[in-house]
J.: 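For reference, the structure I am asking about is given below.
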Amino acid sequence: MGYDAFGLPAENNAIKTGVHPRDATNQSIGAFRHWFHRWGISIDWSREIASHEPSYYRWTQWIFLRMFERGLAYRKEAAVNWCPNDQTVLANEQVVDGRCERCGALVEVRQLEQWFFRITDYADRLLDDLDRIDWPRHVKTMQRNWIGRSVGAQVVFRCEELEIDYPVFTTRPDTLFGATFFVMAPEHPDVFKLAAGTEHEHAVHEYVNKALNESVEERGAAEKPKTGVPLGRTVTNPVNGEEIPMFVADYVLMEYGTGAIMAVPAHDERDFAFAQVYRLPIRRVVGTDEELPYTGDGPIVNSSPLFDGMHNRRAYEAIVHWLELEAKGRPSVNYRLRDWLLSRQRYWGCPIPVVYCERDGIVPVPDADLPVALPDVEDFQPKGRSPLAAATDWVNTTCPSCGGPARRETDTMDTFVDSSWYFLRYCDAHNDQAPWDRQVLDGWMPVDQYIGGVEHAILHLMYARFFVKALADMDLLGVQEPFEALFTQGMILGPDGHKMSKSRGNVISPAPIVDRFGADAARAYVLFIGPPDQDAAWSDTGVEGVERFLARLWRLGDGLADGTEDPAGAVPRPAEQPPSPEGSGLFLVRKANWAIDKVTRDMTGRFAFNTAIAAIMELVNEVYRHMDADLEARRFATATAASLVFPFAPHLGTEVYEMLTGERVWEQPWPEPDPAMLQADTFQLVCQINGKVRDRVDAPTGAPREELERLCREAPNVRAHLDGHEIVKIIVVPDKLINLVVR
RNA sequence: GCGGGCGUGGCGAAAUCGGUAGACGCGCCGGCCUUAGGAGCCGGUGGGCCCAGGCCCUUGGGGGUUCAAGUCCCUCCGCCCGCACCA
């Protein structure tokens, strides 16, 4: 068990109530412990950890320093996402539709110096290794889209007037001859320099200022009409020497590629839209008479005698090769993924272990001085800088390098840093010499089966993969992937089918549920409600049904144990397969063995807990329907149901099992089916004519084809349907069905 | 727009490899037990015919492959999720 304890919820609560986040967090942890115990959730408490404790975040800081040493943690000024409500910067991954993932406020863009993790160095490995892990396809797809690898070429366009080269990235070098203008992002550092002294200087300033003040949401709207202004300069198209006009336009993004593009309006929808607004020339270079813009394949036209007539896919290769020879371009790969912005201007997080020295600049805190403890402050209110800045005694320190005066970093880390390595700490939770012992880690890692909500698909699950790869490169661990297999479970929704929330008033809280139905019924119901990868609405009548089932099982056990059903029941005896059951008893023993097999396969193979529980219900129902069966068979079937139900309803499973057998179910091995009891000596032969079921007859298991045919032809309803028809073909599925094809 | 997923009774769902559609549970109907039943036990329950033996229809719509399709293929419709001016 572990608690991802740092973060905004505890801090915002502190701002509202004045309770220190540490106190509120520890209280919450106490409540979690209490409820885990009441629900009977059985886990290894000896490895309990919490990310807000110095014994944990000391090692978060230690890992940060290892990243820093290798240049994987660095500081840079960049256009970053700023949440005006939470008063902190956010990672790209935490901005959803232009809004703060946490509070929903419109995110602004600010130019700030911040700490980043160089996750982009790992883009290819994060992409490629997805093929090696057993994860749901949709999660892999989401990660692939997020990384957004594009293969293309970098091509240099030169502005002769200012003698500056502008490389651009394109995925379509085959359309280079169709470039009729050139566009730069408003954030491009050269925009003002280019416009200076031209007639457009004023307009460019106005346009750029307006663009920079737009929110992320406004700027990103896909259906927004294209806008831009000319820069009054030209660049030379390297493939044909043409001078094409330069523009600044907000549909070009500074963060992707080089912040400048070659525009090919005939073969790109965005460039086409822009060219229409500004009446710019549109020149087809691919295809024959398809409507423009045309983004498909076809022969190259209007380009150069070297390439005209060539299929554009081949021309792509040829043109890139030509660019390389001429030193005007080269193959290039671009990613949508950005570096992970990890600093936050908030209090309740892991302090970043560096100091700023006037003489030595950024100086890491030595390992021996870790942890850099989070100091207490009075005021948690965010003011655009970390509340830690107010702790002047803590901020002012000495430089570990020169001993001179220095200031501590006051930003804290994104909580996703804390959670990117907790599974490693579980392996060696109390190690106070190192984050973990490599030998111990090698024994446990990787995680065989990870379970979580799909909301982590690109946040936690990408960050944790990055951490493991970076740590593997430092030889600190021996695996490339943290989570071998992933299962994304659904959510229990409120009774109205909506996500539980206080504002909707549809929250089902655990206390009254456990009081009313018991922890066992509540747990078993949550698993019985449907497939675990699906969301499901809570229903009181549903849980009553499961409660009824558990009570039925309990009464069976009780009756057999107290002597009302079984006079010898007062003496518990181990659950054993009865040696030679007959009649109803044989039926029950077979049913019990069937249930063992079914439950085992459903649970382990595919997490189908709903059908596993249904199988135990069937077994219990059959015992009730066969009270005439001999006692041994009923005892065995009931004890088997108790041990199978134990993972879902541990308290009741334990009790029923112990009443009958005198043994503790968790000390017994998981039951195994007797293979001889998994198959009956007869089966119901399904008799089809032309694929329609016409009759069912009992047939001996393993009977030869000829005998099944005979039995089928003799079945009364089959005979009726065969009358006057000729059998042209007979399909036999052994021990299952027979299909007579007739004319 | 691109990518992924889903669509089965009144409801939650099952059908695991192309082989009996609707297991199990909820709800509903009936019976037993009971002073009583909001307890328990037993039975019924997709729709429509019916000579009571059966027959026809049915897995979002349409088409196809096959002896056989909820399952495979094509197509259309609807819903959900992710990404989205990424050059």
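Letters A, B, ... mirror the listed sequences (proteins, then strands); counts begin at 1.
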J.: May I ask which nucleotide in the shown strands pairs with rA14(B), Watson-Crick or G-U wobble, both distances under 3.5 Å?
T.: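 Paired with rA14(B), as far as the under-3.5 Å criterion goes, is no nucleotide at all.
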J.: Once you apply the 3.5 Å cut-off to both distances, tell me the Watson-Crick or G-U wobble partner of rU65(B), or none.
T.: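 Across any shown strand, rU65(B) pairs with none.
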J.: Check the phosphate of rG4(B) against Arg144(A), side-chain N and O only, distance under 4.0 Å to OP1 or OP2. Yes or no?
T.: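 For Arg144(A), the contact criterion (side-chain N or O under 4.0 Å from OP1 or OP2 of rG4(B)) is not met.
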J.: Just the rounded figure in Å: distance from P of rG38(B) to CZ of Arg516(A).
T.: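 In whole Å, rG38(B) P and Arg516(A) CZ are 17 Å from each other.
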J.: Mind checking if Val252(A) touches a base, just sugar-phosphate, or nothing, with heavy atoms under 4.0 Å?
T.: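 Contact class for Val252(A): base.
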J.: Using the six-membered ring wherever Trp is involved, compare the ring planes of His460(A) and His456(A) and label them parallel, tilted or perpendicular (cut-offs 30° and 60°).
T.: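 Aromatic pair His460(A)/His456(A) classed perpendicular.
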J.: Compare side-chain N and O positions of His721(A) against OP1 and OP2 of rC55(B) and report whether any pair is under 4.0 Å apart.
T.: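 His721(A) to rC55(B) OP1/OP2: side-chain N or O found under 4.0 Å.
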J.: Determine: side-chain N/O of Asn621(A) to OP1/OP2 of rA23(B), distance under 4.0 Å, yes or no.
T.: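 Negative; the distance criterion is not met.
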J.: With both distances under 3.5 Å as the test, what is the Watson-Crick or G-U wobble partner of rC83(B)?
T.: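 For rC83(B), the partner nucleotide comes out as rG1(B), under the 3.5 Å rule.
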J.: If you compare every side-chain N and O of Gln534(A) against the phosphate oxygens of rA13(B) (OP1, OP2), does one of them come in below 4.0 Å?
T.: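 Indeed, a polar side-chain atom of Gln534(A) lies that close.
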J.: Find the distance Ile689(A):CD1 to rC67(B):P and express it as a whole number of Å.
T.: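 Result: 17 Å.
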J.: Can you tell me the distance, in whole Å, between the CG atom of Asp602(A) and the C1' atom of rA15(B)?
T.: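 Rounded to whole Å, this separation is 12 Å.
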J.: Kindly assign one of parallel, tilted or perpendicular to the pair Phe181(A) and Phe247(A), based on the angle between their ring planes and the thresholds 30° and 60°.
T.: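 Perpendicular.
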J.: Is there a side-chain contact between Asn610(A) and the phosphate of rA14(B), meaning an N or O under 4.0 Å from OP1 or OP2?
T.: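 For Asn610(A), the contact criterion (side-chain N or O under 4.0 Å from OP1 or OP2 of rA14(B)) is met.
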J.: Applying side-chain contact (heavy atoms from CB on, under 4.5 Å), name anything that partners Ala720(A), two or more places apart in sequence or on another chain.
T.: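 Listed in chain order: Asn717(A).
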J.: Could you tell me whether the phosphate oxygens of rA87(B), OP1 or OP2, come under 4.0 Å of any side-chain nitrogen or oxygen in Ser150(A)?
T.: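 Yes, because at least one side-chain N or O of Ser150(A) sits under 4.0 Å from OP1 or OP2 of rA87(B).
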J.: Measuring from the side chain of Pro531(A) (C-beta onward, heavy atoms only), which nucleotide among rA13(B), rG40(B), rU20(B) has the closest atom?
T.: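 Of the candidates, rA13(B) comes closest.
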J.: Could you pick out which residue, Lys692(A) or Arg696(A), lies toward the 5' side of RNA chain B when each is mapped onto its nearest nucleotide?
T.: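 Nearest nucleotide further toward 5': that of Arg696(A).
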J.: Please name the nucleotide paired to rG7(B) by Watson-Crick or G-U wobble geometry with both distances under 3.5 Å, or report none.
T.: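 Paired with rC77(B).
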J.: Round to the nearest Å and state the distance from Phe648(A) atom CZ to rC24(B) atom C1'.
T.: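 For the pair Phe648(A) CZ and rC24(B) C1', the rounded distance is 13 Å.
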J.: Salt bridge check, Arg149(A) against Asp124(A): does any charged N sit closer than 4.0 Å to a carboxylate O?
T.: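 Looking at Arg149(A) together with Asp124(A), the answer is yes, because their closest N to O distance falls below 4.0 Å.
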J.: Quick one: His267(A) NE2 to rC85(B) P, roughly how many Å, whole number?
T.: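 After rounding, the gap between these two atoms is 23 Å.
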J.: OP1, OP2 of rC41(B) versus side-chain N and O of Arg552(A): anything below 4.0 Å?
T.: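 Indeed, a polar side-chain atom of Arg552(A) lies that close.
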J.: Let's test this: given Watson-Crick or G-U wobble pairing with both distances under 3.5 Å, identify the partner of rU45(B).
T.: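 Pairing partner: rG27(B).
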J.: Side-chain donor or acceptor of Asn145(A) under 3.5 Å from a matching atom on the base of rC83(B)?
T.: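 Side chain to base: no pair below 3.5 Å.
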J.: Reckon Arg694(A) has a side-chain N or O less than 4.0 Å from the OP1 or OP2 of rG54(B)?
T.: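 For rG54(B), neither OP1 nor OP2 has a side-chain N or O of Arg694(A) closer than 4.0 Å.
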J.: Which residue, Ile458(A) or Thr611(A), contacts RNA chain B at a nucleotide closer to its 5' end, judged by nearest heavy atom?
T.: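 Its nucleotide being nearer the 5' end, the pick is Thr611(A).
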J.: Does rA36(B) have a Watson-Crick or wobble partner in any strand here, with both distances under 3.5 angstrom, and which is it?
T.: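 Result: none.
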J.: Could you tell me whether Phe157(A) and Tyr166(A) have their ring centroids closer than 6.0 angstrom?
T.: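 Here the rings of Tyr166(A) and Phe157(A) have centres that are no less than 6.0 Å from each other.
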J.: Is there a side-chain polar atom (N or O) of Arg336(A) under 4.0 Å from OP1 or OP2 of rA84(B)?
T.: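 Yes, within the criterion.
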J.: For residues 252-264 of chain A, which side-chain donor-acceptor pairs fall under 3.5 Å, sequence neighbours excluded?
T.:
unit_1	atom_1	unit_2	atom_2	d
Tyr256(A)	OH	Ser150(A)	OG	3.3
Thr258(A)	OG1	Pro167(A)	O	2.7
Thr258(A)	OG1	Ala260(A)	O	3.4

J.: With respect to the phosphate group of rC41(B), does any side-chain polar atom (N or O) of Arg555(A) fall under 4.0 Å of OP1 or OP2?
T.: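 Yes, because at least one side-chain N or O of Arg555(A) sits under 4.0 Å from OP1 or OP2 of rC41(B).
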J.: How many whole angstroms separate atom CD of Glu93(A) from atom P of rG82(B)?
T.: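 Atom-to-atom, Glu93(A) to rG82(B), this comes out as 16 Å.
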J.: Within this structure, what is the CE-to-C1' distance between Met617(A) and rC24(B), rounded to whole angstrom?
T.: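 The answer, rounded to whole Å, is 6 Å.
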J.: Report the relative orientation of the aromatic rings in His267(A) and Tyr294(A); use parallel for angles under 30°, tilted for 30 to 60°, perpendicular for over 60°.
T.: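 Aromatic pair His267(A)/Tyr294(A) classed perpendicular.
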J.: Answer yes or no: does atom CZ of Arg719(A) have more than 12 heavy-atom neighbours from other residues, nucleotides or ligands under 6.0 Å?
T.: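 Not more than 12 within 6.0 Å, no.
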J.: Between atom CZ in Arg601(A) and atom P in rU16(B), what is the gap in whole Å?
T.: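 It works out to 11 Å between those atoms.
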J.: Distances under 3.5 Å only, N/O to N/O: pair up the protein atoms with those of nucleotides 63-66 of chain B.
T.:
none

J.: Going by an N to O cut-off under 4.0 Å, is there a salt bridge joining Glu622(A) and Arg634(A)?
T.: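 Judged by the 4.0 Å cut-off on N to carboxylate O distance, Glu622(A) and Arg634(A) do not form a salt bridge.
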